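Everything quoted here is computed from the prediction, not taken from an experiment. In what follows, every chain begins at residue 1, and chains take the letters A, B, ... in the order their sequences are listed.
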Amino acid sequence: MNRIPSLLAGQLRSFTLHASQKHLIMAQRRKQFPFDEFEPEWQKHWDEQKTFSVPNPGDPGFDASKPKYYVLDMFPYPSGSGLHVGHPEGYTATDIITRYKRMNGFNVLHPMGWDAFGLPAEQHAIKTGEHPRINTENNINNFRRQLKSLGFAYDWEREVNTTDPGYVKWTQWIFLQLYNSYFCEEENKAKPIRELEEKGLSREEIDDRRLAYVAETPVNWSPDLGTVLANEEVEEWRAKGHTVERRPLRQWMLRITAYAQRLIDELEGLEWPTGIKLLQTNWIGRSDGAEVAFTIDGEKVTVFTTRPDTLFGATYMVLAPEHPLVDQITTDEQKDAVEDYKRTCAGKSDLERTELAKEKSGVFTGGYAINPVNDEKIPVWIADYVMMSYGTGAIMAVPAHDDRDNEFANKFEIPIIEVVEAPEGNEDACFTGNGTAINSGFLDGLSTPEAKAKISEWLQENGLGQKTINYKLRDWLFSRQRYWGEPFPIVWRDGNHEAIPESELPLLAPELEDYQPTGTPEPLLSKATDWVNLGDGVTRETNTMPQWGGSCWYYLRYCDAQNPDAPIGTEAEEYWMAKNGNPGGVDLYVGGTEHAVLHLLYARFWHKVLFDLGHVSTPEPFQKLVNQGLIMGEDGQKMSKSRGNVVNPDEVVDLYGADSLRLYEMFMGPLEQVKPWSMKGVEGVFRFLARVWRLVMDTDQEGVWELSEKLAEANPTKGTNKVVHATIRKVGDDIDSMSFNTAISQMMVCTNELTKLEQIPVSSVVTLLHLLNPFAPHLTEELNAKLAAAFDSVKNEDLAGQEWPAFDEACLIEDEIEIVLQVNGKVRDKMFIANDAPKEEVEKQAMESERVQSFIEGLTVRKIIVVPGRLVNIVAN
RNA sequence: GCCGACAUGGCGGAAUUGGUAGACGCAACGGACUUAAAAUCCGUUGAUCUUUUGAUCGUGCGGGUUCGAUUCCCGCUGUCGGUACCA
């Protein structure tokens, strides 16, 4: 028995509790307050009463007079290992906001769902031969149970599952919107493809402009995963040990590049962390430069450069090894070397090319190009540090002012000509910044920006080039060869693709006899020959969509989850996704940083297309974004099974209750910050909740809980009111700024004060319960119900439906305040003085302080600074 | 390499617009209650010096602005995250 404390500390850390030990601990916990009895009851109550269901406009019970607030969590992938403690971190934060906003008179939309397509379910199917739906559903049931055991205020009637036929239907429908649209450059928006048909464009011309199009491109193919991957995904799967290689394949692409500029510009009005905005901006990677035409054997070759001002310093040219001109310009003497080099490059993926980037490599083609500014003949090389997929696949190399060119020129002994003079004091071997043009003919003496402008003008006038903008962002590779994803609503007829009629949606994948990968890039669905072949040579598209498809628009579906006629009804969309003066529809979106680029960029892209086509009313999906920080293991390392430092939320709920888990995760530190788990910390907040419990409840001689005799329907004293009202103010402010940790510490202060009282005013306790309710809903509802049963002054109604307490400024004003007395900036004394004492009086009293006197003795007072209500600083020397 | 964030007691972390550094919690120590323990309650706890009153130092390091800097500016160091030949 007496080994309990060490047993607690030790066993909880490793999480291999024997049933008997757990029972022992449970017995101890129960003594403090019976969370295990009342928590499930309140969860059942909320479920049965549908406490947190919110009606849509037009539904019975909808209150149009209330403003809306849409709080969104990043929905989880329901993995087999269940909830991780990282999930409840963000989910508790949004839950607090939800409950708080409800109490402040908002209609709050706070839904949950499942991002349920995905590779693990398919791999399970490969192993067992069982349809992935079965495993997916089991996992979802487990996740739902876990979330409900934490008492989250979700509107479960709006639950969404991306694999439901009723959801797949609309994901496919949105794909068809993309398929049937093109990007109009003049109006900078998507428009229906019909317009192009009306203009009489040919089929090929139209297909070339669709937002969803087919292209034969080099893709990232993973043989062991049996699928291709988006550029953005490659790194992740490689890190997990899968091989990814480059090979050309016919694939569906989404024209996200058309939106590159809007995706940058329209970040502006969003309340997102600046880091995330920057990440997206960098990912899109706009760079402003110029295209310049060089000539090789009378043939024009265009290069892209951001530094046209250094044109006079170009001493060689580099083409990407895949550049179409390479064969043409290669001389006979160089042919073998060039062919050789091309072959080595072709075998490497983009990634390998960059990974092995330590040392520059390249081969001279034997050809020469003419520099248009000075008619100099410069050698043309091929090198893998130039990518065919960016810019024009050709560069002018200025080794004096570009690090890469510099390294290359040094290695191959190519001349280096300085054309920009660095500002004084700069000692860089290769100066890449802004300076003054030299050795540059008509540009000499100009600053870099001036030189850029002048040369651009000159190039334009002479028909040799123009200003150009390039983006790093590539079109989005949208097809996968998996089974467990949305099939494309597309058929092939005579080598052309066409959409299937909307009436045939959803198009569901047929059951397969086995889910083994084909071992080739041939998609898994091609095994279902009956399904694929529609007769008359018409066949179905056998690729499926990536997991991102479903997660790109789930926040819209929540608004109108059951709608059979549209992805989202107009009225529901206009209410929940309303502008309210902001570009984004969802008021608050909380989730991890891992989605900073991919999901958030893809979702913004889809949303913009839907906006352009008139299906949604805001240009942006998410107004405010908050990233919760990672929760590390107790050892400060990332939680992982192999390290054995994973904390299972179920265990914590078992031992300390849902409220303790919720409260602890919020008390750990600022939401956005990375922080380590501490089981002792959980015990700390657990003790706090026990103290709140004991404010209301006490045990009689038999150890049975009964209402505390200290409670009284008495008026709180001034001191009690002060702390209670200070707490009302701070908790409200802190929830608004999402500083949950400090809100909790203030409630701890308040509880400690109330605990000290001989007679505890019921009204003060009830106020505290209101404030604590969003954080610890079970305990507070339970205590409130007990108080309501005993005292007439306590409203017999769920706290969840009550109003947030208002604070009274008058309670916070004090007659006397403490003033700090400093001499030369050092605190020497403190004094109490009337709140409204005039400055002169404060100064006078400060000078009368004996301690102050002793420190200024023998010195001349130069200055006295009085900060009202805070301090007096006497400057003397 | 580049971009970003961060740096405060033994630990997690507080600190309005520059104004008492260390709130709240953990851990530790002491006390009350108890046959004993647990639980609970009360107290101490940044460092150094001092018998006490108290003094000096202290927010990664070095400088600056200021009556006053954890907060603002300049220059470093370290940690974490992202990204990588994008011309």
Heavy atoms under 4.0 Å, any strand shown: does [X] hit a base, just sugar-phosphate, or nothing?
X: A:N752; value: sugar-phosphate
X: A:K826; value: sugar-phosphate
X: A:P670; value: sugar-phosphate
X: A:R286; value: nothing
X: A:V398; value: nothing
X: A:E818; value: base
X: A:D405; value: nothing
X: A:V875; value: sugar-phosphate
X: A:R862; value: nothing
X: A:S678; value: nothing
X: A:L279; value: sugar-phosphate
X: A:F855; value: sugar-phosphate
X: A:V749; value: sugar-phosphate
X: A:L871; value: base

Exercise for the section: Return one dot-bracket line describing RNA chain B 5' to 3' (Watson-Crick or G-U wobble pairs, both distances under 3.5 Å; ( ) same strand, [ ] crossing, | another strand, . none). Expected result: (((((((..(((......[....))).(((((.......))))).((((....))))..(((((..]....))))))))))))....
Exercise for the section: Check whether the side chain of A:K360 and the base of B:rC85 form a donor-acceptor pair under 3.5 Å. Expected result: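 Indeed, a donor on one side and an acceptor on the other fall under 3.5 Å apart.
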Would one find a side-chain N or O of [X] under 4.0 angstrom from OP1 or OP2 of [N]?
X: A:N741; N: B:rA14; value: yes
X: A:N873; N: B:rU66; value: no
X: A:R828; N: B:rA55; value: yes
X: A:R691; N: B:rU40; value: no
X: A:Q746; N: B:rA23; value: no
X: A:K675; N: B:rG12; value: no
X: A:Y390; N: B:rA87; value: yes
X: A:T742; N: B:rA23; value: no

Practice task
Taking atom C1' in both B:rG54 and B:rU65, compute the distance separating them and give it to the nearest angstrom.
Solution key: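 33 Å, rounded to whole Å.
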Problem - A:K675 with A:E89: basic N within carboxylate O range, under 4.0 Å - result: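 Here A:K675 pairs with A:E89 in a salt bridge, since their nearest N and O are under 4.0 Å apart.
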Exercise for the section: Show your working on salt bridge (charged side-chain N to carboxylate O under 4.0 Å, His left out) between A:K467 and A:E291 and close with a plain yes or no. Expected result: CA-CA 6 Å; A:K467 281 191 182 171; A:E291 283 188 351; over 6 Å; no
Exercise for the section: Might you confirm whether atom NZ of A:K411 has over 12 heavy atoms from other residues, nucleotides or ligands at distances under 6.0 Å? Expected result: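 Enclosed.
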Exercise for the section: For atom NZ of A:K722, decide whether the heavy atoms of other residues, nucleotides or ligands shown that lie under 6.0 angstrom number more than 12. Expected result: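 Count not over threshold, so no.
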[Y] ring center within less than 6.0 Å of [X] ring center:
X: A:F33; Y: A:F686; answer: yes
X: A:F667; Y: A:F740; answer: no
X: A:W693; Y: A:F35; answer: no

The side chain of [X] lies closest to which of these nucleotides: [options]?
X: A:V827; options: B:rC41, B:rG25, B:rU20; value: B:rU20
X: A:N282; options: B:rC3, B:rU20, B:rA87; value: B:rC3
X: A:P676; options: B:rG12, B:rC67, B:rC85; value: B:rG12
X: A:K830; options: B:rG4, B:rG19, B:rU20; value: B:rU20
X: A:K680; options: B:rA87, B:rA27, B:rG13; value: B:rA27
X: A:Q32; options: B:rU40, B:rA87, B:rG19; value: B:rU40
X: A:K863; options: B:rC24, B:rA87, B:rC67; value: B:rC67
X: A:R851; options: B:rC3, B:rA87, B:rA55; value: B:rA55

Measure [atom1]/[X] against [atom2]/[N] and give the value in whole Å, please.
X: A:D698; N: B:rC41; atom1: CG; atom2: P; value: 12 Å
X: A:I817; N: B:rG19; atom1: CD1; atom2: C1'; value: 13 Å
X: A:F688; N: B:rC26; atom1: CZ; atom2: C1'; value: 15 Å

Handout entry: Six-ring centre of A:Y390, A:K472 cation under 6.0 angstrom, axis tolerance 45°
Key =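 A:K472 over A:Y390 ring: no.
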Handout entry: Conformer about C1'-N of B:rG12 - syn within 90° of 0, anti elsewhere
Key =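 You should classify B:rG12 as anti.
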Handout entry: Distance-only polar pair, side chains of A:T727 and A:Q746, donor-acceptor under 3.5 Å
Key =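 Looking only at side-chain atoms, A:Q746 and A:T727 do form a donor-acceptor pair, the distance falling under 3.5 Å.
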